[in-house]
Amino acid sequence: MKNECPGGSPVLFQDSQSGFQQGGASVSLWLADSLHPARATEHRDWRGRVRDWAEDVNLVPDLGQNVGSLTWFRGLATCFGLCATALYLSPGFQPVPGAPEPLLAPAQYDEVRSQMITPLALGADSGRRMGATDAVQPLKETPERPQIELNAQIGSSDTLSRALSRAGVSSGDVATVTSMVAGDIGTGVKPGTRLDIILGRRASRVSPRPLDKLAFRARLDLAVEFNRVGGVLQVTRMPIHVDNTPLRIQGVVGDSIYRSARAAGTPPKAVQAFLRVIAQQVDLGSIGAGDRYDIITEYRRAETGDVEVGDLLYAGFRRASGRAVDMLKWTSDGRTEWFEASGVGEKRGVLGAPVDGGRMTSNFGMRRHPILGYTRMHAGIDFAARYGSPIYAVTDGVVAFAGRHGGHGNYVRIQHGGGLATGYAHMSRIAAVPGQRVRRGQVIGYVGSSGLSTGPHLHYELYRNGQVINPLSVKFTTTAQLTGSDLVAFRARLAQLKALRVGMPVSVAQAAPTAAPTMIGK
């Protein structure tokens, strides 16, 4: 090629077209010269040489690979070194010092005094201090009030002693009060009861205030008051007249039997109990307008106006078409249940399961035994349940066996009459004894894993004439029937309740006529 320099003289040079893809001696010599390690590092500084060394040595290898090799141990040492360096250079957890706020000068303090709440003796918002005279004497300690009046209340699941302790009554006075009224409050004071408390002057600041006065309603028919006389607590009991006549409410169903009964003045507790009883005889969804209800419940009303609603005694229902249902609560053979007017009790079916929340895990029939390892008859059904869960009798009966029974472990067998019997196996603890009469739903033991068992569960069996049958094939139903003197007393009580007048008792209505609710309504 030909080219010219700035001076105008022509310069001649040879154009080489050689590249990496082309051969030739000159190209080979050029590559050999450029790739020679000694010559490649002659012109590099120390930083580059150190970087090349670190890449060759690999100071930070992957610790997840080649575990146990020299390279892995070198990487582990590097990791520990970096962690130790970071901990050594960490600033620590000492608090960072900060400069305190500057104090106000007297002039600045007087400027902001108008925005402060200060005593008149210190100038208030005027800034002028009042000097104390000789009549002012400093107090060694702040005087206390001679008495403190408090109002407390018994909470849900609360006790009298805990409520008094929360109010500041000393433990000694609490023990004295509870011991003096133990026979009056029975199982406890009703939740919501108000306590009027007066605490007196204490002897020193380190001693508790004594209880000077306490007044509360121990029962519906009794109020008590404590007073400290001569340093000793004395109690005064004040009886309250209470009328125990049952309350009877009748009405006609409108758009809803619940709303109709509530509008007629029926307490919510009585309405809910009435619906539960009637649901055993009548489909609640079929109740319509025009049907009539008749409710009689225990009702105690004090002369002070306080009311206490008890249990439902009678539930009556009349269809508009004429069909009637009369249910009376009656106790027979130690069992309280609802009977029809004819003296026939409610029908009771078998429990859904002998344990609460039990899930059926194995059915009746042939199966491979989980411990023995071969197929054999599984003569019952298994319910999975938590260890220690209560086990209930499925219906009334007499305990025929209670104890250790081979592979059943702790086992209970109950005879129910008519050739039927039930068995409950693998219990952790037995709560029944042979010969004991048990009721439906009574606890007879607790879930465990005794005997041939892989875990806590209940093995439930059913026998007919001594032979095991599928427990799901039988439904127990029992019906109580009143006879003889029990039936006579039952009918007399039914007639007595149905003879009650509708509405509030006369004696109570005369004592507090303004508090009488309307008893008839739709």
Should the pair [X] and [Y] be assigned to parallel (<30°), tilted (30 to 60°) or perpendicular (>60°) ring geometry?
X      : Y      : answer
Tyr424 : Tyr460 : tilted
His426 : His457 : tilted
His405 : Tyr411 : parallel

Give a yes or no on this: more than 12 heavy atoms of other residues, nucleotides or ligands lie within 6.0 Å of atom [atom1] of [X].
X      : atom1 : answer
Arg145 : CZ    : no
Arg202 : CZ    : yes
Arg437 : CZ    : no
Arg439 : CZ    : yes

Backbone N or O of [Y] within a donor-acceptor pair of the [X] side chain at under 3.5 Å?
X      : Y      : answer
Arg217 : Leu220 : yes
Thr297 : Asp311 : yes
Ser450 : Asn410 : yes
Ser428 : Tyr446 : yes
Glu303 : His241 : yes
Gln153 : Gly192 : yes
Arg248 : Asp294 : no

Which distance, rounded to the nearest 0.5 Å, do you find between the [atom1] of [X] and the [atom2] of [Y]?
X      : Y      : atom1 : atom2 : answer
Leu247 : Arg301 : CG    : CZ    : 10.0 Å
Ile148 : Ile198 : CD1   : CD1   : 11.5 Å
Ser157 : Arg162 : OG    : CZ    : 8.0 Å
Lys190 : Phe216 : NZ    : CZ    : 15.0 Å
Thr266 : Leu312 : OG1   : CG    : 10.0 Å

Side-chain touch [X]/[Y], heavy atoms, less than 4.5 angstrom:
X      : Y      : answer
Leu160 : Leu195 : yes
Leu199 : Leu211 : yes
Leu284 : Tyr258 : no
Phe226 : Asp173 : no

message = Under a 4.0 Å threshold between the charged nitrogen and the carboxylate oxygen, would Arg318 count as salt-bridged to Asp326?
response =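 Here Asp326 pairs with Arg318 in a salt bridge, since their nearest N and O are under 4.0 Å apart.
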task = Could you verify whether a donor N or O on one side chain and an acceptor N or O on the other, from Thr245 and Arg501, lie under 3.5 Å apart?
result =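 The criterion, which ignores hydrogens and geometry beyond distance, is not satisfied for Arg501 and Thr245.
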ask   = Applying the side chain to side chain contact (heavy atoms under 4.5 Å, CB included) test to Lys213, which of Glu149, Glu225, Gln147, Arg228 qualifies?
value =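 It is Glu225; the other options fail the test.
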